[in-house]
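A quick write-up on the structure given underneath.
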Amino acid sequence: MFANIIFAQNVVENFKKQYESKNYDHPEKITATTAYIFSLFSAKKFDKAKEILNDNIAQRKERGDYKSVTILYCIEAMSNRILENTTESKKSIQQAIKYSDYINDSEAKGFVAYSQGWIYSRDGEQSKAVKYILDAIKLYDKSPKSTSILKRKSSAYNELSVIYADLGEDELDEKYSKIALSFAEQLNEPQVLFTAYMKMGNLYNKLFDKNASLIQNRNLAEKYFLKSIEIFRKNESLMSAPTDLSYAANNLASLYLYSYPENYHDKGLHYAKLANEIAIKYGQADQIASTYGLLSEIELSKNNSNQAIVYLFAALDALQKSSVVNRNIELNIYESLAQIFENKGNYQDAVKYYKEYVILFKALYDQEKLEISKRLESQFEKEIQKQHILTLQLESDKKAQKIDLMQALGIQQEERLKNLKLQEEYQREKLRFSELKSEKSAQQLKYSRLEMQQKNNDIINFKRILAYKEKINRYYITSIFVFILLLGLLLYAYKQRIKSLKQTNELHALELEKEKQNTKISTLTALLEGQEKERSRLARDLHDGLGGLLSSTKLHLTHLNNNSDVNYKNSINNSISQIDGAVDELRRVAHNLMPDLLIKYGLEVALKEFSNRMSNDLLDIDVQFFNYNNSLTQDQELIIYRIIQELVNNAIKHSSASLIIIQLTETDNMIFLTVEDDGKGFNIKNINIKKSAGFINIQSRVEFLKGKINIQSEENIGTSIEIQLPIQ
C-alpha cells in the first residue's frame, strides 16, 4: 500500500510540474490544468483539487476566458458526480451551459454535451446519454484537428461503447470501441492507448464467451491484452495507476486458463504470477485476492488441490487485511474452498465453508435488495436468489446429515470390534446401534419430507417465474420496438448528415476547380498580354531604331558612291545591296512581331499577307475564310494569328511540306480552325509533342480561349491540326 501511495504522489508531482511550467497564455495550459486536477482526485486529495479548480475558474472569469471557464465547470460537474454529490453536479453543469452561450467555440460546447451525456449514463438514463454524446461528436467534428480534440473524440466514442456494452449491443460496442481506438492511436498517449487496448481485449473476450466457435475473437482478445501490457511496460513512468498492469496480466491469465487449451496453462500461470507480484507490491488487496484465486484455479486444473487451498487461504488473508473488503471475491473463495474440501472427502471443512458462503450470500443479497428494490427487472433476480439460498441451506443440511451418518458408521465399526472381545458388551452395543439406526431412519424421513417440500416450492416458484417471464417478455418486446424505432431514426439522421456532408464537399470541390480555372486564365491573360506588349515594343525598337540607322547608313553610302571613283563603286554597291536585304529582313521580323495589318484591317487580311510573305517557289500557303463575320475581338484575333503563325513555322521547320492550307470557318457560336500540310508527317504514339515548347505555347493560347485541339498525322501523308474555339 505504501508503494502505491508513493506512485500516486509521483504522478501528482509530474502533473503539477507540467501545470506550473506553462504560463496563462500557453495553448496547453488548460489541458495541463485538467490533468493536474484529475490526478489530485485520483490521489483522493479532494480539497486541493477543488482549490485549484476554483482558483482557475476565478482567474479565467476575470480575464474573460469563457471557453476555459466552460471546460472547468464541466470538470467540476463530473468530479461532483463521482463523489455522489448530484445536487452540486447539476449546478456546475448549468454554469458550464451558461458560459458556453457567451462563446462560439465548437470544442467547448461539445465538451458540455459530452459531460451531460457522461452524467446521464451514470444516472441510468442511457437514451439521453447517447443523444448528448452524439451531439458532442458532431460539435467536435466542426473543430480544427488538435491533440485535445483527438483525446475528446476518443473519450466520447469510448463512452458510447460502454453504454452499448451495458445494453448488450455487441455490434455497436465493437464499432465504437474501434473508433475510440483509432483516435487513441492518432493521439499516441500511453495512458489513453492502454485504456483503449484493455477495452478491446475485454470486448473480444466477452464475444468469445458468448460464441466459442469464433476463435478469432479469442485471438483478438489475446492480441489486445498483450498490447496493453507492452505499452504499460514501455511507459511505466507516465501511467497514472501502477496496478493497471496487474489487471491486464490478470485478464490475460484468465483468457489462457478458461479460453485456451491446457497447453496454454503455463502461459496463464506466468501472467497470473506477474499480476500477483504487482498487486502485492502495491498493496492492492482486492487484486491480490483475485490473482490468488486465479492461481488456485490453475493449480486445480493440474490436480494440485493442496496448493490451490494454500492460494485460497492467502487470498482470504489478503482480503481480511483490507480496510474495505470485496465481498464478491470473498464469496467466490468460500465457494471454491467448500468444493475442494468436498472433493477431498473432508466434509466437516466443506460444511464449514458452505455455511460461510450461505451467510455471506444472504448479507450480499440483503444489501443488493436495498439498492435495486425499485427496478422491475430485479424482481426476477430476487426470486432466483431466494431459491438459491434455500437450495444452499438444504445442501448444507444434507452435508451435516451425511457427516452424522459417517460418524455413526464409524462408531458401529468400533463397537463391532469391541463386541468380538466382550459378548455382553456386544449386546448392549447392538441395542445402541439399533437406536442409531432408528435415528437414521428418522433423519431419512425428515430428509424425504424436506425434499418433498422443496419440490412443491420449486413447482410454485416455477409457475410464478413463468407468469413473470410472460410479463417481462411483453415489456422487452415493447422496449425492443421502441429501441428499434429510435435506432432507425438515428440511422436516418446519420445518413442525412452523410449526404449533406457529401454534397457540401462536392460544392467545395467545384468552387475550388472554378477558382483554379480563373487563376489559370488570369495567369495566361497576363502572360499573353506581356508577350504581345514585349513583341510590340521590340518591333518598334527594331523599326524606329535599327531601321533608321540602316537607312541613314544607306544614304551615306549612296552619297559616297556618287563622289567616288570607279574602283570603289562596285564595293559600295554591294554594301548598299546588303543593307537593302537587312532592311527587308528587319521589316519582316518587325512585322512578325507585331502585324500592323491585323490591327488595321483584321485577321483575314493579316493572314493572307502572312501567307504571301511566307510562300516561295517550294512552298504554297493557301488561306481560306468561310462565313467569317469578324465576331472575334482584336485580342482574340491576335491570339489566333499567333497560333497559326506557330503552326505554320512548325510545318516549315519539320514537315518539308509543299502545300499548307489554313481554313477558318464560323458557325453560330463556334470558330473552327484547321491547318493542314502535305509533309512527311509523324507517328503520334512514338512522339510526345506535348513536351515541345511550341506546342505548349499553342496549347496555352487555346486553353485561354477555352477551346479544344485535335492533332492527326500519318507518316508520308501529312498532318492536320483542328482547333475548336467558342465565340464569347
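- The main-chain N or O of Phe225 is found under 3.5 Å from a side-chain atom of Ser228 such that the two form a donor-acceptor pair.
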Open item on the list: Go through it in stages, so that I can follow the logic: the residues are Leu725 and Ile723, the test is side chain to side chain contact (heavy atoms under 4.5 Å, CB included), and I'd like the CA-CA distance, side-chain angles, deciding distance and then a yes or no.
Closed with: CA-CA 7 Å; Leu725 304 170; Ile723 300 174; 3.7 Å; yes
Task: Test log, rule salt bridge (charged side-chain N to carboxylate O under 4.0 Å, His left out), inputs Arg497 and Asp141 - done: CA-CA 12 Å; Arg497 179 173 178 274; Asp141 288 338; 3.1 Å; yes
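- Note on ring orientation: taking the six-membered ring where Trp is involved, the planes of Tyr157 and Phe183 are parallel (angle under 30°, cut-offs 30° and 60°).
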Open item on the list: Please determine whether salt bridge (charged side-chain N to carboxylate O under 4.0 Å, His left out) holds for the pair Glu174 and Lys178, giving the CA-CA distance in whole Å, both sets of side-chain angles, and the decisive distance to 0.1 Å.
Closed with: CA-CA 6 Å; Glu174 183 178 9; Lys178 286 181 177 178; 3.4 Å; yes
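- No more than 12 heavy atoms of other residues, nucleotides or ligands shown are found within 6.0 angstrom of CD on Glu171.
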TODO: Before giving the answer on side chain to side chain contact (heavy atoms under 4.5 Å, CB included), spell out for Asp620 and Ile660 the whole-Å C-alpha distance, their side-chain angles and the decisive distance to 0.1 Å.
DONE: CA-CA 6 Å; Asp620 183 19; Ile660 299 175; over 6 Å; no
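- Atoms CG and CD1, on Leu673 and Ile640 in that order, are 6.5 Å from each other to the nearest 0.5 Å.
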Task: Stepwise side chain to side chain donor-acceptor pair (under 3.5 Å) check, Ser658 with Asp678 - done: CA-CA 7 Å; Ser658 60; Asp678 62 351; 2.7 Å; yes
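- One distance of note links CD of Glu646 with CG of Asn697; it measures 5.5 Å at 0.5 Å rounding.
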- [ ] Decide yes or no on side chain to side chain contact (heavy atoms under 4.5 Å, CB included) for Asn205 and Leu220, but give the supporting numbers first.
- [x] CA-CA 8 Å; Asn205 192 14; Leu220 284 171; over 6 Å; no
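- Checking side-chain atoms of Ser615 against main-chain N and O of Ile621 turns up a donor-acceptor pair under 3.5 Å.
- Within 6.0 Å of CZ in Phe626 there are more than 12 heavy atoms belonging to other residues, nucleotides or ligands.
- Ring pair Tyr641/Phe610 is perpendicular by interplanar angle, where above 60° counts as perpendicular and below 30° as parallel.
- Lys680 and Glu715 are not joined by a salt bridge, as no carboxylate oxygen comes within less than 4.0 angstrom of a charged side-chain nitrogen.
- Counting non-hydrogen atoms of neighbouring residues, nucleotides and ligands closer than 6.0 angstrom, the OH atom of Tyr494 reaches no more than 12 such neighbours.
- Side-chain atoms of Tyr197 and Glu230 form no donor-acceptor pair, as typed in the model, at a separation below 3.5 Å.
- Here the closest non-hydrogen pair linking Phe625 and Val623 is CE1-CG1, 3.5 Å.
- Judged purely by distance below 3.5 Å, without hydrogens or angles, the side chains of Ser68 and Asp65 pair a donor atom with an acceptor atom.
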Open item on the list: Working note: Thr633 + Asp635, criterion side chain to side chain donor-acceptor pair (under 3.5 Å); need CA distance, chi angles, decisive distance, verdict.
Closed with: CA-CA 5 Å; Thr633 64; Asp635 290 338; 5.3 Å; no
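- With 3.5 Å as the limit, one finds no donor-acceptor pair spanning the side chains of Thr719 and Glu676.
- Residues Tyr114 and Tyr132 place their aromatic rings such that the two centres sit no closer than 6.0 Å.
- No side-chain donor from either of Asn716 and Glu714 sits under 3.5 Å from a side-chain acceptor of the other.
- At distances below 3.5 Å, at least one donor-acceptor pair connects side-chain atoms of Asn612 with backbone N or O atoms of Lys608.
- When all heavy atoms are compared, the tightest approach of Ser100 to Val112 is CB-CG2, 4.2 Å.
- Pairing each heavy atom of Ser177 with each of Lys199, the nearest pair is OG-NZ, 3.2 Å.
- Crowding of Tyr601 atom OH: a count of heavy atoms from other residues, nucleotides or ligands under 6.0 Å not exceeding 12.
- Counted by atom type alone, Tyr140 and Asp135 present zero donor-acceptor pairs between their side chains at under 3.5 Å.
- Crowding of Asn104 atom CG: a count of heavy atoms from other residues, nucleotides or ligands under 6.0 Å not exceeding 12.
- Glu222 has no carboxylate O lying under 4.0 Å from a charged side-chain N of Arg218, or vice versa, which leaves the two without a salt bridge.
- Asp173 places no side-chain N or O within donor-acceptor distance of the main-chain N or O of Glu169, the cut-off being under 3.5 Å.
- The CE atom of Met198 sits 10.0 Å away from the CG atom of Leu252 when rounded to the nearest 0.5 Å.
- A salt bridge links Arg613 with Glu609: the distance from a Lys NZ or Arg NE/NH1/NH2 to an Asp or Glu carboxylate oxygen falls below 4.0 Å.
- Between the side chains of Ser631 and Glu666, at least one donor-acceptor pair of N or O atoms lies under 3.5 Å.
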- [ ] Take Thr70 and Phe111, measure what side chain to side chain contact (heavy atoms under 4.5 Å, CB included) needs, and give me the verdict at the end.
- [x] CA-CA 9 Å; Thr70 300; Phe111 193 59; over 6 Å; no
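- In this structure, CD in Glu159 is found 10.5 Å from CD1 in Ile137, a value given to the nearest 0.5 Å.
- Atom CD1 of residue Ile149 and atom CD of residue Glu107 lie 4.0 Å apart, to the nearest 0.5 angstrom.
- To the nearest 0.5 Å, atom OG1 of residue Thr665 and atom CD of residue Gln663 are 6.0 Å apart.
- Checking side-chain atoms of Asn158 against main-chain N and O of Ser154 turns up no donor-acceptor pair under 3.5 Å.
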